[in-house]
K.L.:
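This is the structure, below, for whatever I ask next.
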Amino acid sequence: MLDRSKLLALYTRLFDSYGPQHWWPAETALEVMVGAVLTQNTSWKNVETAIRRLHKARSLTLPVLMQMDIDDLAMLIRPSGFYNVKARRLKNLCHWLEQMGGIAKLSTVDTTALRSSLLLINGIGAETADDILLYALHRPVFVIDTYTRRLLVQLEMIRGDEHYESLRSAFETALGADTRLFNEYHALIVRHAKEKCKRLTSNSDVYCNHCHVETGAGLIPRSTTVMPA
DNA sequence: ACCCAGGGTCATA
DNA sequence: TATGACCATGGG
């Protein structure tokens with residue numbers, strides 16, 4: 001269980017430090033969904049390049065993606081890495097969208113059913129599904145990622161070995177269904193993680209988020225700086 | 001040359 | 001249920 005007031009205090013601290021993050025950076029719901037797949041275990045910088053290539057090729061529409069050769073799609077998204085599997089996953093997602101009757105029809109389906117349906121798509125796991133639900137479809141779903149885990153472990157609010165669903169329901173129960181809050185909260189957590197990475201180059205005493213040291217308790221961040229000054 | 005990134009699937013035990 | 005291999009580019 002997570003403490004509501006502590007979560008809100010953390011959110012306030014993050015928001016006061018970084019301000020609104022304006023997520024998800026995309027023009028259409030389809031672009032959000034495509035980006036959610038492309039960013040799997042991949043830096044957003046590489047995804048941006050891939051998205052630009054798709055735009056330039058006028059390929060960010062459902063009909064175009066549906067008819068496009070999978071190998072041509074793979075070459076377009078090449079900069080995002082894992083391009084063969086991701087091309088297949090994008091095709092699977094498009095096939096699902098068409099089966100559902102198009103993106104507009106998704107608004108007639110309740111969030112729980114939509115989530116279950118998304119998770120049946122090969123290549124769409126829990127986090128990608130929740131990215132789509134929150135940032136493309138504006139459903140009150142809290143996205144859990146590795147940054148969220150690291151930060152809460154660092155703050156000693158969780159142990160770190162909790163399952164995805166366990167953490168997600170803990171956030172949603174503590175905060176209540178609030179799409180705008182969930183949107184900004186997850187974006188701020190990611191921003192905070194990136195912020196600490198930047199410091200690695202300028203201050204050798206402060207380490208980035210993924211510099212860890214092995215201890216008996218598992219992976220513990222070496223950094224003692226939880227929040228920026 | 002090494003480590004990692006806004007994960008997920010599949011085979012194996 | 002829980003590891004490990006695999007996917008692959010680009011930046012630190």
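To find a chain, count down the sequence lines: A is the first, B the second, and so on, and within it residues start at 1.
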K.L.:
Any side-chain donor-acceptor pair under 3.5 Å between A:Tyr164 and A:Asp130?
P.N.:
yes

K.L.:
Take the protein atom CG of A:Leu118 and the nucleotide atom P of B:dG7, then report the distance between them rounded to whole Å.
P.N.:
17 Å

K.L.:
Rounding to the closest angstrom, what is the interatomic distance between C:dC6 and B:dG6 at atom P?
P.N.:
24 Å

K.L.:
At under 4.0 Å between heavy atoms, what does A:Arg78 touch on the DNA or RNA strands: base, sugar-phosphate, or nothing?
P.N.:
sugar-phosphate

K.L.:
Name the orientation class of the two ring planes belonging to A:Phe142 and A:Phe171 (parallel below 30°, tilted from 30 to 60°, perpendicular beyond 60°).
P.N.:
parallel

K.L.:
Compare every heavy atom of A:Arg139 with every heavy atom of A:Thr179, then report the nearest pair and how far apart it is.
P.N.:
OG1-C, 3.5 Å

K.L.:
What is the distance from CG of A:Asp161 to P of C:dT3, rounded to the nearest Å?
P.N.:
10 Å

K.L.:
Nearest to the A:His163 side chain among B:dA5, C:dA2, B:dG6, which nucleotide is it?
P.N.:
C:dA2

K.L.:
Let's test this: given Watson-Crick or G-U wobble pairing with both distances under 3.5 Å, identify the partner of B:dT9.
P.N.:
C:dA5

K.L.:
Does C:dT9 have OP1 or OP2 sitting under 4.0 Å from an N or O in the side chain of A:Tyr83?
P.N.:
yes

K.L.:
Rounded to whole Å, please give me the gap between CZ in A:Arg149 and C1' in B:dG7.
P.N.:
12 Å

K.L.:
Determine, for A:Arg52 against A:Glu48, whether the closest basic-nitrogen to carboxylate-oxygen distance falls under 4.0 angstrom.
P.N.:
no

K.L.:
May I ask whether A:Trp44 stacks on the base of B:dG6, given the cut-offs of 5.5 Å between ring centres and 30° between planes?
P.N.:
yes

K.L.:
Side-chain donor or acceptor of A:Asn122 under 3.5 Å from a matching atom on the base of B:dT9?
P.N.:
no

K.L.:
Could you please name the option among C:dA8, B:dA5, C:dA2 that lies closest to any side-chain atom of A:Arg150?
P.N.:
B:dA5

K.L.:
Over all strands shown, is A:Leu38 touching base, sugar-phosphate only, or nothing at heavy-atom distances under 4.0 angstrom?
P.N.:
nothing

K.L.:
Which class fits the ring pair A:Trp44 and A:Trp24: parallel under 30°, tilted 30 to 60°, perpendicular over 60°?
P.N.:
perpendicular

K.L.:
Could you check how far CG of A:Asn84 sits from C1' of C:dA8, rounded to whole Å?
P.N.:
9 Å

K.L.:
Provide, to the nearest angstrom, the distance between the CD1 atom belonging to A:Ile51 and the C1' atom belonging to C:dT9.
P.N.:
15 Å

K.L.:
Between B:dC4 and C:dA8, how many Å separate the two C1' atoms, rounded to a whole number?
P.N.:
13 Å

K.L.:
Under the criterion of centre distance below 5.5 Å and interplanar angle below 30°, is A:Trp24 classified as stacked on the base of B:dG6?
P.N.:
no

K.L.:
Side-chain heavy atoms under 4.5 angstrom apart, residues restricted to Ile, Leu, Val, Met, Phe, Trp, Tyr: same cluster for A:Leu10 and A:Leu188?
P.N.:
yes

K.L.:
Measure the distance from CG on A:Asn46 to C1' on C:dA8 and round it to the nearest whole Å.
P.N.:
10 Å

K.L.:
When you check the side-chain N and O atoms of A:Asn46 and A:Thr49, is any donor under 3.5 Å from an acceptor?
P.N.:
no

K.L.:
In whole angstrom, give me the gap between the P atoms of B:dG8 and C:dG10.
P.N.:
23 Å

K.L.:
May I ask you to decide whether A:Glu172 forms a salt bridge with A:Arg168, counting only side-chain N to carboxylate O separations under 4.0 Å?
P.N.:
yes

K.L.:
Name every residue in residues 124-139 of chain A that has at least one heavy atom under 4.0 Å from any atom of DNA chain B, in order of residue number, or write none if there are no such residues.
P.N.:
A:Ile124, A:Gly125, A:Ala126, A:Glu127, A:Thr128

K.L.:
Within this structure, what is the NZ-to-C1' distance between A:Lys194 and C:dG11, rounded to whole angstrom?
P.N.:
13 Å

K.L.:
Between C:dA8, B:dG6, B:dG8, spot the one nearest the side chain of A:Asp145, thanks.
P.N.:
B:dG6

K.L.:
What is the separation between atom NZ on A:Lys45 and atom C1' on C:dA8, rounded to the nearest whole Å?
P.N.:
19 Å

